[in-house]
**Q** 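Can you keep this structure in mind? I'll have questions shortly.
This structure is a prediction, so every number in the text was calculated from the model and none was measured.
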Amino acid sequence: PEYLRDKSRITQVIRAIIDLSEVAGNHSRFLYDFSPDSVVFRWTNDFAPRMLYSFKMDTKGNLSLPDLIEKVKAKDIAACELYIGGSIVERLSKDDKSTLEGATIEPGVKNLVTKLENKIKKDLDIVENVPTNGE
């Protein structure tokens, strides 16, 4: 959020990531769903992301998070900073869930993002502008 002119726009940036729609223009005839099936966000003061390219896919198309799990085990990433959502949650092993204790984990991407947005708003003291009297 520090790179945004208005920090309150961070929630709009996050929503833009999860609400990607189909391709427009000439390519729209292919109608693919570009909304993410699974997401991992990290809300931290750490300058380095430490979690790029976390997803791995096997030959059957199953996603996993082995590198991220290892970084949490090594304490390079605090589990409480992680927000993990989508179908990846169903694929987490019992050991992975134990390692990720303290992370916010939701089976739905939208529900997870709502929780992340609430945390961000609280931490940044963002008050939403709610129009009153039809303004």
Side-chain angles (χ1 to χ4, degrees):
E2 298 300 322
Y3 294 110
L4 299 171
R5 182 174 293 156
D6 177 357
K7 289 182 186 181
S8 69
R9 292 182 182 154
I10 187 63
T11 57
Q12 293 170 342
V13 171
I14 294 169
R15 286 287 167 178
I17 292 169
I18 69 154
D19 289 338
L20 293 173
S21 61
E22 71 276 351
V23 173
N26 188 36
H27 300 288
S28 65
R29 66 181 176 264
F30 297 111
L31 191 60
Y32 296 108
D33 181 4
F34 284 87
S35 60
D37 178 66
S38 296
V39 294
V40 177
F41 291 99
R42 182 177 181 216
W43 182 242
T44 182
N45 288 322
D46 188 355
F47 181 73
R50 303 186 199 285
M51 55 177 260
L52 296 177
Y53 313 111
S54 292
F55 290 102
K56 300 289 183 214
M57 186 179 291
D58 67 15
T59 56
K60 295 179 182 178
N62 297 315
L63 288 175
S64 61
L65 298 166
D67 294 344
L68 182 64
I69 300 294
E70 289 305 314
K71 289 183 181 186
V72 172
K73 283 181 183 176
K75 304 204 184 308
D76 285 337
I77 296 175
C80 64
E81 298 174 343
L82 295 174
Y83 289 76
I84 302 170
S87 67
I88 190 77
V89 170
E90 296 171 12
R91 296 182 190 99
L92 293 172
S93 70
K94 195 178 229 182
D95 289 339
D96 290 348
K97 288 180 181 176
S98 176
T99 300
L100 294 170
E101 187 175 339
T104 302
I105 299 174
E106 289 288 329
V109 171
K110 290 179 115 180
N111 194 36
L112 174 85
V113 166
T114 298
K115 290 183 176 190
L116 174 59
E117 288 174 336
N118 290 338
K119 173 72 169 152
I120 290 170
K121 288 174 188 176
K122 180 181 173 195
D123 289 354
L124 297 181
D125 198 27
I126 295 172
V127 178
E128 291 194 39
N129 296 330
V130 179
T132 57
N133 298 330
E135 295 176 12

**Q** Side chains of D95 and S93: do they bring a donor and an acceptor to under 3.5 Å?
**A** no
**Q** Give a yes or no on whether V39 and L116 share a hydrophobic cluster (residues Ile, Leu, Val, Met, Phe, Trp, Tyr; joining criterion: side-chain heavy atoms under 4.5 Å apart).
**A** yes
**Q** Quick check: is L82 connected to V89 through a chain of hydrophobic side chains (ILVMFWY, heavy atoms under 4.5 Å apart)?
**A** yes
**Q** E101 and A79: which non-hydrogen atoms are nearest, and at how many Å?
**A** O-CB, 3.4 Å
**Q** Determine, using the 4.5 Å side-chain heavy-atom cutoff (strictly less than), whether Y83 and L92 are members of one ILVMFWY cluster.
**A** no
**Q** Do V72 and L63 share a hydrophobic cluster, counting only Ile, Leu, Val, Met, Phe, Trp and Tyr and linking them when any side-chain heavy atoms are less than 4.5 Å apart?
**A** yes
**Q** For a quick test of reading the model, state the closest non-hydrogen atom pair linking E117 to T11 and the distance between them.
**A** OE2-O, 3.5 Å
**Q** With V113, which of I14, D19, N118 fulfils side chain to side chain contact (heavy atoms under 4.5 Å, CB included)?
**A** I14
**Q** Got a second to check how far M57's CE is from N62's CG, nearest 0.5 Å?
**A** 8.5 Å
**Q** How many angstroms lie between atom CD1 of I69 and atom OG1 of T99, to the nearest 0.5 angstrom?
**A** 6.0 Å
**Q** So how far is it from T104 OG1 to K119 NZ, rounded to the nearest 0.5 Å?
**A** 9.0 Å
**Q** Rounded at 0.5 Å granularity, tell me how far OG in S54 sits from CD1 in I88.
**A** 10.0 Å
**Q** Transitively linked via ILVMFWY side-chain contacts under 4.5 Å: I84 with W43?
**A** no
**Q** Locate the shortest heavy-atom distance separating D67 from Y53; write the atom from each residue and the value.
**A** OD2-O, 4.1 Å
**Q** Determine the minimum heavy-atom distance between K110 and R15, stating which atoms define it.
**A** O-NH2, 4.3 Å
**Q** Mind checking the NZ-NZ spacing from K94 to K97? Nearest 0.5 Å is all I need.
**A** 9.5 Å
**Q** Testing the basics here: between V109 and P36, what is the closest heavy-atom pair and its distance to 0.1 Å?
**A** CG2-O, 3.8 Å
**Q** Strictly distance-based, threshold 3.5 Å: is any side-chain N or O of S38 a donor or acceptor partner for the main-chain N or O of S87?
**A** yes
**Q** Which pair of non-hydrogen atoms, one from D76 and one from R50, has the smallest distance, and what is that distance?
**A** O-CD, 3.4 Å
**Q** Could you grab the distance from atom CG of L112 to atom CD1 of I18, nearest 0.5 Å is fine?
**A** 8.5 Å
